[in-house]
Number of protein chains: 2
Amino acid sequence: MTARTPDSARDIPEATVARLPVYLRALTGLAEGGTTTCSSEELAASAGVNSAKLRKDLSYLGSYGTRGVGYDVEYLRYQIAREIGVTHDWPVVIVGIGNLGHALANYSGFRSRGFRVVALLDADPSRHDEVVAGLDVRSFEDLESIVAENDVSIGVIATPAVAAQAVADRMVAAGITSILNFAPSVLSVPDGVDVRKVDLSIELQILAYHEQRKSVAPAGEVSAT
Amino acid sequence: MTARTPDSARDIPEATVARLPVYLRALTGLAEGGTTTCSSEELAASAGVNSAKLRKDLSYLGSYGTRGVGYDVEYLRYQIAREIGVTHDWPVVIVGIGNLGHALANYSGFRSRGFRVVALLDADPSRHDEVVAGLDVRSFEDLESIVAENDVSIGVIATPAVAAQAVADRMVAAGITSILNFAPSVLSVPDGVDVRKVDLSIELQILAYHEQRKSVAPAGEVSAT
DNA sequence: AGGAGTTTGTGAACGGGAGAACAAAACGGG
DNA sequence: CCCGTTTTGTTCTCCCGTTCACAAACTCCT
Ligand SMILES: NC(=O)c1ccc[n+]([C@@H]2O[C@H](COP(=O)([O-])OP(=O)(O)OC[C@H]3O[C@@H](n4cnc5c(N)ncnc54)[C@H](O)[C@@H]3O)[C@@H](O)[C@H]2O)c1
Ligand SMILES: NC(=O)c1ccc[n+]([C@@H]2O[C@H](COP(=O)([O-])OP(=O)(O)OC[C@H]3O[C@@H](n4cnc5c(N)ncnc54)[C@H](O)[C@@H]3O)[C@@H](O)[C@H]2O)c1
C-alpha cells in the first residue's frame with residue numbers, strides 16, 4: 001500500500017530499456033504495414049524476442065494491452081515513445097566530422113527516431129568551409145555557445161581516440177550529460193553523466209572468437225596440443 | 001552424457017568474451033607506452049572495469065599472471081589475441097557502400113585489429129566505377145566467387161534496412177557464418193550463423209531515456225549536494 | 001634464509017534477468 | 001445471461017554474471 005509508486009518513478013530494468021527501442025521500431029513497421037492491433041506473439045516475432053519477455057517488459061510500463069485481444073499498435077507505440085522520451089526531438093551535436101562523422105551527419109534515421117542534429121563541430125579549420133547534410137561544419141570552440149543556445153544534452157564523439165577524452169571533458173563542462181562515443185577509448189566522466197560506446201572492432205572480434213571455435217570444434221571432439 | 005569437456009574447449013562466458021577485446025586494446029596501449037608489466041589493478045583501470053572482474057575473466061583463459069608481480073604485458077596480449085583468434089587476419093566483405101560503407105571501408109582500425117577488407121560490394125551499378133580505400137566497388141553478384149576465393153566467413157551489412165534480410169540470406173548461402181549488421185532490422189538466419197547488430201538509434205534512445213529521467217526524477221531521492 | 005609485503009586466482013554469496021507456466025480479464029456466441 | 005476461447009499480466013524458478021574476500025604463491029629486504 002505504501003508502495004504506491006508515482007507513475008513517473010517506476011524503475012525499468014536496464015535490459016528492458018535496451019529493448020524498448022526495438023519494440024518501438026517493430027510497432028512502427030507494423031503500423032506502416034496497416035496493422036492496427038497485434039498480439040504479444042506477433043509483436044515479439046517482429047522484434048525478434050520471446051513473447052513472455054516482451055510481455056514482462058511491457059508490464060513495467062503499465063497495462064496497455066487488452067486480454068483476449070492484444071495491443072493497439074498506435075497506442076502502444078505512443079506509450080513506449082513517451083516512456084523513452086522521444087515524443088519530442090532531442091538536439092544533438094556531433095564532434096569530429098571525418099569519415100564517420102560525415103556518415104552520421106547524413107544519416108536520416110536520426111530525425112525519424114527522435115533526434116535532431118543541431119551542429120557539426122571539428123577542430124580542423126580546413127573542414128570549416130564544408131557544408132554537410134545542410135549544416136556548416138563549425139569550430140570546436142563554438143561548443144559552449146551552441147550547447148547553451150540549443151539546450152543540448154546529448155553529444156556524439158567521432159574523433160580519433162586520442163582526442164576523445166579531451167572532447168568529452170569539454171562537453172561535460174559545457175553541460176552535456178549524455179555521450180555516445182565511437183572512438184575506441186575508455187572515457188572517464190563525473191557521476192551523473194552517461195556514456196555509451198559503439199565499438200566496431202569489438203563487435204568483429206567477438207564474431208571472430210565464435211568463428212574460430214566453429215572451425216576448431218564443429219561437433220566432434222578434439223585434440224589438444 | 002556428452003559432458004566431456006576437452007581442455008582446449010573451455011567455454012568462456014559470453015560477457016567475458018565481450019570484454020577480452022577491451023583488455024586487448026588496453027594492453028596494446030600500455031605496451032605502446034613502454035610498460036612491460038602491469039598489475040590487475042592497473043590493467044583494470046585502463047580498461048575501465050573492476051579488478052576482480054578482470055582477474056576472473058583472465059582466469060578463464062588460464063593462469064598467465066605471476067602472484068606478487070602481475071602480468072607480462074606482451075605475453076598476456078598474445079594470449080588474449082590467440083584466444084579471440086586475431087593472431088592472424090580475418091578476411092571481411094562489406095556490402096552496401098553508401099555513407100556508412102564508405103566510412104567503414106576507410107577505417108584503418110580494421111587492419112590493426114585482426115581484420116582485412118577483401119571486397120566492397122554494392123547493388124547499384126553507378127557505384128561500380130568508384131575506388132574506395134584502394135578497393136574497387138564491385139557488383140553484389142560477385143559475392144559468391146569472392147567469398148569462395150578468399151575463404152571469407154565474416155560479412156558486414158551496411159545497406160538500407162529493406163535490403164538487409166536479402167543480403168544476409170545471400171551471404172549465408174555463399175558460406176558466410178558471421179554477420180555484423182548496421183541496418184536497423186531484425187535478421188533471421190539459420191543455426192550456426194552468428195549475427196551481431198550495431199544500432200545507433202537504439203543507443204541514442206537509451207541515452208534519451210536516462211536523460212529524461214534526470215530532469216524529471218530528482219524528487220523522492222536524497223538530493224542535495 | 002626467513003619474514004613481511006604484494007598480487008593473483010578462486011570459492012561463495014548475491015542480485016538481476018530469462019523463460020515456463022498459470023490465473024485473471026475480456027470477448028463472442030448461443 | 002452464461003460459458004468457452006483467447007491473450008494478457010504476473011509469479012516462480014533457474015541461470016548467468018558481478019563482487020567480495022581470502023588463501024596461495026611469488027618477490028624483496030634484512
Ligand atoms: N570510420 C569508421 O568506420 C569507424 C568505425 C569505428 C570506429 N571509428 C572511430 O571513430 C573515430 C573517427 O573515425 P574517422 O574514420 O571518422 O576518423 P577521421 O580521422 O576521418 O576523422 C576524425 C575527425 O576528428 C577531427 N578531430 C580531431 N581531433 C579533434 C578534436 N580534438 N576536436 C574536434 N575534432 C577533432 C579531425 O579533424 C577529423 O575530421 C575514430 O576514433 C575511429 O577509431 C571509425
Ligand atoms: N549513415 C549512418 O551513420 C548510419 C548510422 C546507423 C545506421 N545506419 C544504417 O546503415 C545502413 C546504411 O546507411 P547509409 O547511410 O550508408 O545508407 P546509403 O543509402 O547511403 O547506402 C546504402 C547503400 O547500399 C546499397 N544497396 C542497396 N540495396 C542493396 C542490396 N540489395 N545489395 C547491395 N547493396 C545495396 C545502395 O546502393 C547504397 O550504396 C542503413 O540501414 C542505415 O539505417 C547508417
Side-chain angles (χ1 to χ4, degrees), chain A residues 3-5 7 10-23 26-27 30 35-73 75-77 79-80 83 202 206 209-210, chain B residues 3 5 7 10-23 26-27 30 35-77 79-80 83 186 206 209-210:
Chain A
R4 192 84 190 126
T5 38
D7 293 8
R10 276 180 293 255
D11 59 298
I12 298 181
E14 199 51 37
T16 296
V17 172
R19 281 187 296 267
L20 290 180
V22 180
Y23 303 152
L27 285 166
L30 289 174
T35 308
T36 59
T37 295
C38 71
S39 67
S40 63
E41 206 70 51
E42 292 172 80
L43 181 53
S46 299
V49 304
N50 181 299
S51 72
K53 182 152 55 177
L54 168 73
R55 288 199 301 277
K56 183 183 278 195
D57 283 341
L58 295 185
S59 77
Y60 291 113
L61 312 193
S63 259
Y64 298 130
T66 306
R67 298 177 190 221
V69 177
Y71 301 92
D72 181 279
V73 172
Y75 180 61
L76 182 58
R77 207 183 67 76
Q79 293 301 335
I80 294 179
E83 191 70 37
I202 288 181
I206 293 171
Y209 169 80
H210 293 294
Chain B
T5 32
D7 292 7
R10 275 181 295 256
D11 54 301
I12 298 181
E14 199 52 37
T16 296
V17 171
R19 283 186 296 265
L20 291 179
V22 178
Y23 303 152
L27 286 166
L30 288 174
T35 308
T36 59
T37 295
C38 72
S39 67
S40 63
E41 207 70 47
E42 294 172 79
L43 182 53
S46 299
V49 302
N50 181 298
S51 71
K53 181 150 58 176
L54 168 72
R55 289 199 299 279
K56 172 147 283 193
D57 283 342
L58 295 184
S59 76
Y60 290 114
L61 313 191
S63 256
Y64 298 129
T66 307
R67 295 174 190 222
V69 179
Y71 301 92
D72 180 278
V73 172
E74 199 48 51
Y75 181 60
L76 183 58
R77 209 184 64 77
Q79 294 300 335
I80 293 179
E83 190 70 38
V186 177
I206 293 171
Y209 170 80
H210 293 294

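Convention: sequence-line order gives letters A, B, ...; per-chain numbering from 1.
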Worksheet entry | Nearest non-hydrogen partners of B:Val186 and A:Ser46, listed with the distance | CG2-O, 3.5 Å
Practice prompt. Report the distance from atom CG of A:Leu61 to atom P of D:dG9, rounded to the nearest whole Å.
Written response: 10 Å
Practice prompt. Could you tell me the separation between the CG atom of A:Asp57 and the P atom of D:dT8, rounded to a whole number of Å?
Written response: 14 Å
Worksheet item: Quick one: the side chain of B:Lys56 and the base of D:dT19, do they pair up donor-acceptor inside 3.5 Å?
Response: yes
Discussion item. What is the distance, to the nearest angstrom, from the CG atom on A:Asn50 to the P atom on C:dG17?
Written reply: 16 Å
Worksheet, complete the sentence: Smallest heavy-atom separation, A:Tyr71 atom then A:Arg55 atom, equals OH-CG, 4.0 Å
Worksheet item: For the side chain of A:Ala15, counting heavy atoms from C-beta on, which of C:dA18, D:dG9, D:dC20 is nearest?
Response: C:dA18
Worksheet entry | For atom NZ of B:Lys53 and atom P of C:dA12, their distance in whole Å | 22 Å
Worksheet, complete the sentence: Protein-proximity profile, nucleotides 23-30 of chain C, B/S/- by nucleotide at the 4.0 Å heavy-atom cutoff, equals -BBSS---
Item to complete: Select base, sugar-phosphate, or nothing to describe what B:Glu41 touches, counting heavy atoms under 4.0 Å on all strands.
Response: nothing
Response to the item:
Nearest heavy-atom contact between B:Ile80 and B:Leu20 is CG2-O, 3.8 Å
Item to complete: Sorted by first residue and then second, give each salt bridge (charged side-chain N to carboxylate O under 4.0 Å, His left out) pair with at least one member in residues 61-77 of chain B; sequence neighbours left out.
Response: B:Glu74-B:Arg77
Worksheet item: Between atom CG in B:Leu54 and atom P in D:dT19, what is the gap in whole Å?
Response: 12 Å
Fill in: Protein-nucleotide distance (B:Tyr71, atom OH; C:dT6, atom P), rounded to Å
18 Å
Worksheet item: Between B:Arg19 and D:dT18, is there a side-chain N or O to OP1/OP2 distance below 4.0 Å?
Response: yes
Worksheet, complete the sentence: Taking every heavy atom of B:Ser40 against every heavy atom of B:Leu54, the minimum-distance pair comes out as O-CD2, 3.1 Å
Worksheet, complete the sentence: Closest to the 5' end of DNA chain C, once A:Glu14 and B:Tyr64 are matched to their nearest nucleotides, is B:Tyr64
Worksheet item: Quick one: does A:Asp57's side chain get under 4.5 Å of A:Val49's, heavy atoms only?
Response: no
Practice prompt. For A:Thr16 and for B:Ser63, locate the closest nucleotide of DNA chain C by heavy-atom distance; then report the residue assigned to the nucleotide nearer the 5' terminus.
Written response: B:Ser63
Item to complete: Would you please test A:Leu58 and A:Leu76 for side-chain contact (heavy atoms from CB on, under 4.5 Å) and show each step?
Response: CA-CA 9 Å; A:Leu58 295 185; A:Leu76 182 58; 3.9 Å; yes
Fill in: Separation of atom CG in B:Asp11 from atom P in D:dC15, rounded to whole Å
15 Å
Discussion item. In this structure, how many angstroms lie between the P atom of D:dA23 and the CZ atom of B:Arg55, rounded?
Written reply: 15 Å
